[in-house]
Every structure is written in structure tokens, then in C-alpha cells.
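One-based numbering, in listed order, for ligands and for the atoms of each. The figures that follow rest on heavy atoms only: side chains count, while hydrogens, waters and symmetry mates do not.
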Amino acid sequence: MIIGGSASQKLAAKIANELKCPLIPIETRRFPDGERYIRIKGELDNEAIVVQSTGYPQDENLMELFLILKNLKSMGIENIKVVIPYFGYGRQERRFKSGEAISAEIISELIEVAGATEIFCINLHEESITDFFQIPTHNLSAMTLIASHIQQNLDNPVIIAPDKGALGFAKEIADILGCEYDYLEKVRISPEVVETKTKKVNVKGKEAVIIDDIISTGGTIVNAARILKEHGASKVIVSCVHPVLVEDALLKIFAAGVDDVIATDTLLSDVSVISVAPLVAAAMLK
Ligand code: R5P
């Protein structure tokens, strides 16, 4: 049986359809003082798949996930697989400055303590987050799905990573498509400000496809798009796994002259056109 938390109901339904499993409804609401109420409505089996992204509002979605997991565990469900399509707090996976909380580690421990017995994530910001779990943990990649979307829609793409950290994604997609790839050099000044160095990239007359794991404020993409246009790209298409899209990020990206933005449905957004349901379902069946 599949249970979708508030953040991932639609995706949970799609996964249920892929697996031909029942989707169990949950009732989730608030008490007058703001505290959360959860009730799982439906017949329980010995195995459950819970789907919940922990993006904005992160703390609310996490609390809901903890309540669902602990509830299932205390009802005697032994096998609780948890799909976390977007793993919130994933960018604080180590102590960058002394005294900082390693949020990703704390969250991982709490998810496990609450009752998870196996974890499925998609393109974690840092692969090392899997090490915080003591239970089997899978970090799936949505790059094959993104590559297939590019293949169906573009004739002459070149894949561009907006920073070195995304180079592996660009290579993965370019290898599938048999096209060229490159990367730009980015320096993050603050959570809101990034600088991207102008670098010679061979995109003249080509459809440049930027690939990143996350688009948050959009600063990284705006800079990259500007450079690719300056170098004569015929089109600039932006792709990402997790469309976090803080405030007017999408508007900033289109205002920078980007032709299209495509993302997966790990988070719901106006550009979540690629579903990760088949990827998750295939991993469950392995
Ligand atoms: C950084 O390491 C990530 O891969 C993304 O490039 C980053 O999260 C994007 O952030 P923003 O959209 O705020 O520039």
C-alpha cells in the first residue's frame, strides 16, 4: 500500500498506478492551535510505501512524515519503505563553520528512528547523506528521464553544467544522447548571490541545455543563461531535478531569456513536466 504525505500526494498516486498497489488515503489537518493531526484511513498490510518530499514548508512536511512513520510502526507495520523525492536540509550535510548543526544527519536519524526500514531518494544534493542512514538507502538518478525528454524535444543539444558540481549530471545526459557537454565556473558568494566566470564554451548555433540538481533562487541559472547567450546559443533550455524555485525564481529565469524550463515532479511546480514515478517504481521492484 502506498501513502502520500501532503507534499507528494500526486506523485504517490502515480507510483501506486505504476506498481498497481492501492493508494491509502490519509487525513491530515490542524488543531486550532496549529498542531498537526494525522490519521491513516484504510486497511493496513505488513508493508507500506510512504512518499513525502521534505521541501518547503520543510519543518511541516518533516513533522508530518515523522507522524506517519511512527504511526505505521506503532500499528505493527514491519516493512516501511520511505520515498523522499526531494530531501530538504540536504545542503547542510556537513559543518561548514564551527558550531553549525549538521541538519541532514539529524533529519536522517529522526526518519530512521520514526520507523523507516528502507529509504529511496532522488539525486540527493550530496551522495554522502546516504551514509547517515543505518538502513538500506538508495540515491536514484533522474538523469535518464531528463535525457529522454531532451531527446524527444531537441535536435542539436549541448549539455552545460552551471558549475563543476553538476558536471557529472551533464556527462551522464550527454553520454546517453551522444552529444557534447561542458561546464561553467561558479563561485557562491552567499546563499542568494553567485558569480559565474565567463568561460569559452562551444554552444554557437546549438540548443544549450543547462542541467542542475536544484534551482533555488535561480541565480545560478540566470548567470549561466547569460553566458550561453553571449556565446551564441540558438536556444537556452534549463533542466533540473528539484524545482525548489524560491519566490520569483522562475520569472527571473525567463526574464533572462531562457526559452524553456523543465523539471521533475519531486516537487510540484509549473515546470514539473517529467514524472519520477517510473523511476521509483522500477527501484521498488528490484
Ligand atoms: C548548488 O550546489 C546546487 O547544485 C545548485 O546550483 C544551487 O542550489 C542553485 O541555487 P540557486 O538557484 O539559488 O542559484
Which atoms from ligand 1 have a heavy atom of [X] less than 4.0 Å away?
X: Asp163; value: 6 (O)
X: Arg91; value: 8 (O)
X: Ile214; value: 5 (C), 7 (C), 8 (O), 9 (C)
X: Gly219; value: 12 (O), 14 (O)
X: Ile215; value: 12 (O)
X: Asp213; value: 3 (C), 4 (O), 5 (C)
X: His125; value: 1 (C), 2 (O), 3 (C), 4 (O)
X: Thr220; value: 6 (O), 9 (C), 10 (O), 11 (P), 14 (O)

Contact with ligand 1 for Glu192, non-hydrogen, under 4.0 angstrom: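 For ligand 1, residue contact (heavy atoms, under 4.0 Å) with Glu192 is absent.
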Gly165 to ligand 1, any heavy atom closer than 4.0 Å: no
Within the distance-only criterion (no hydrogens, no angle test), does the side chain of [X] pair as donor or acceptor with the backbone N or O of [Y] below 3.5 angstrom?
X: Ser53; Y: Leu267; answer: no
X: Glu35; Y: Phe31; answer: no
X: Asn46; Y: Glu78; answer: yes
X: Ser272; Y: Pro243; answer: no
X: Gln52; Y: Asn61; answer: yes

Exercise: do His242 and Asp213 side chains pair donor with acceptor under 3.5 Å: no
Protein heavy-atom partner closest to [atom] - residue, atom, separation in Å:
atom: atom 5 (C) of ligand 1; answer: Asp212 OD2, 3.3 Å
atom: atom 13 (O) of ligand 1; answer: Thr217 OG1, 2.6 Å
atom: atom 10 (O) of ligand 1; answer: Arg188 NH2, 3.2 Å

Linked, directly or transitively: Leu268 and Tyr56 (ILVMFWY side chains, under 4.5 Å): no
Whether Phe120 and His138 hold their rings parallel, tilted or perpendicular, with breakpoints at 30° and 60°: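 Phe120 vs His138 ring planes: parallel.
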Ion pair check, Lys206 and Glu180, cut-off under 4.0 Å: yes
